[in-house]
Amino acid sequence: MVELTRAFSFSLKPTPPYNFELTVRKPAGWDLFTPFEIYQDGVLSTALHVGDMLVGLRLSSMGTADRPEVRAKLFTERELEPTQKRLAKQSVSRMLGAEDDLAEFYAVARRDPILRHTLEDLSGMHDTYSDGVFGPALLAICLQMAPLKRSEAMMRSIIEIYGEVAEFDGKRVSVWPLPKRMAALEPVELARTCRLGYRAKRIVELANFLVDRGFPDMGELAKLPPEDAKRRLMELPGIGDYSADIINPRSGFPIDVWSVDVFGKLFYGREPKNARAAVERVKAEGVRRWGEWSWMAFFYIAQDLRNLSKKLGVRLRLQ
DNA sequence: GCGTCCAGGTCTACC
DNA sequence: GGTAGACCTGGACGC
């Protein structure tokens, strides 16, 4: 456990519309940074690594979706220099999607027969990002070839056994481990302790790749053309087309055997008979329809399945 | 209770 | 360059 006793506060003025609650607590249950974060009375207590530094974060909203203001208190083990504080504030702003302008996507969505329904429910929901690729990559690997329940169990085990616990503001929050911690493990041990099966070997190889060769963080990846960022991500051990689409910031259309049913039904009115065989076809149709906004379309639809089922009169498989 | 199937993919050997 | 087959595990399902 790491006690984070130093703190500084700041506020962010995100680009409106910005709905704080929808952004930090996604309707489909996607975590902001860790499954162990705590949301109570409009306040999110979470923790993460910024670079190699463990930080705690207390987030709340002081504004509205149209005039947003996010109050943040950042906790660290040691006092930060002014420059470090400025960089940390920039990182938090980027990770919360505070600088992303939704206007162009919303213009596309309002004209789209499927997406327009999601705007009624999710207006102001921004996509969020982690700092490094290791956490999202672990998530993607745990999602491979497993029911969601089992994927969640694997992720929780990794964090509980090998992650760090941040203690700050009277709370304890467990976070994803850093690559250097996982690189030192024996795959057999990791597989046994976290019930990871063949994924353990891939995770250790991935950790060693990141430690030995380095890799751009999410901010650097976001500056690359999306196809270049995806190519870089697919160089990582255990990361293929689907996983790269999950990790790639602001890009991708990650169709798998679950989402192929959902989007098959939305596009063609029925679930494909052979889900695996239909992945490429459904993915191509999504990219054809939504182009550069494919990821945002996927993101908004995935968060709104229950409402879309009612509004469109189709039965969509929930997550 | 037991056997079989398959799930929010990726990698490798083989052609 | 394309593709079948292997890969951990555990819940669901049929019998």
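Just so we're on the same page: letters track the sequence lines, and every chain starts at 1.
The span of DNA chain C lying next to chain A, judged by atoms under 4.0 Å from heavy atoms, is bounded 5' to 3' by C/dC7 to C/dG10.
A/Arg317 comes within 4.0 angstrom of the backbone, heavy atoms only, and of no base. As judged by a 4.0 angstrom heavy-atom cut-off over every strand, A/Arg195 is placed among residues touching the sugar-phosphate backbone only.
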Readout for nucleotides 9-15 of chain B: B = base within 4.0 Å of protein heavy atom, S = sugar-phosphate only, - = neither; 5' to 3' it is BBS----
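Rounded to an integer number of Å, the gap from CH2 of A/Trp30 to P of B/dG8 is 14 Å. Remark: P of B/dG8 and CD1 of A/Ile247 are 19 Å apart, rounded to the nearest angstrom.
With both ends at atom C1', the span from C/dG2 to B/dG8 equals 25 Å, rounded to whole Å. Comparing the same atom, P, in B/dA13 and in C/dC8 gives a spacing of 15 Å after rounding to whole Å.
Between the side chains of A/Trp295 and A/Asp127, at least one donor-acceptor pair of N or O atoms lies under 3.5 Å. Under the 3.5 Å distance criterion, with hydrogens and angles disregarded, no donor-acceptor pair is assigned to the side chains of A/Ser61 and A/Glu69. With 3.5 Å as the limit, one finds no donor-acceptor pair spanning the side chains of A/Asp101 and A/Tyr106.
Within the 4.5 Å cutoff, the side chain of A/Met125 has no heavy atoms near those of the A/Tyr18 side chain. You'll find the side chain of A/Leu102 reaches within 4.5 Å of the side chain of A/His126, heavy atoms only.
Outside the 6.0 Å centre-distance limit, the rings of A/Phe8 and A/Phe75 are not counted as a close aromatic pair.
Between A/Asp304 and A/Lys311, none of the side-chain N atoms (NZ, or NE/NH1/NH2) sits under 4.0 Å from a carboxylate O, so this pair counts as no salt bridge.
Under a cutoff of 6.0 Å and an axis angle of 45°, A/Arg289 and A/Phe253 do not form a cation-pi pair.
Nucleotide C/dG11 has B/dC5 as its partner under the Watson-Crick or G-U criteria, with both atom distances under 3.5 Å.
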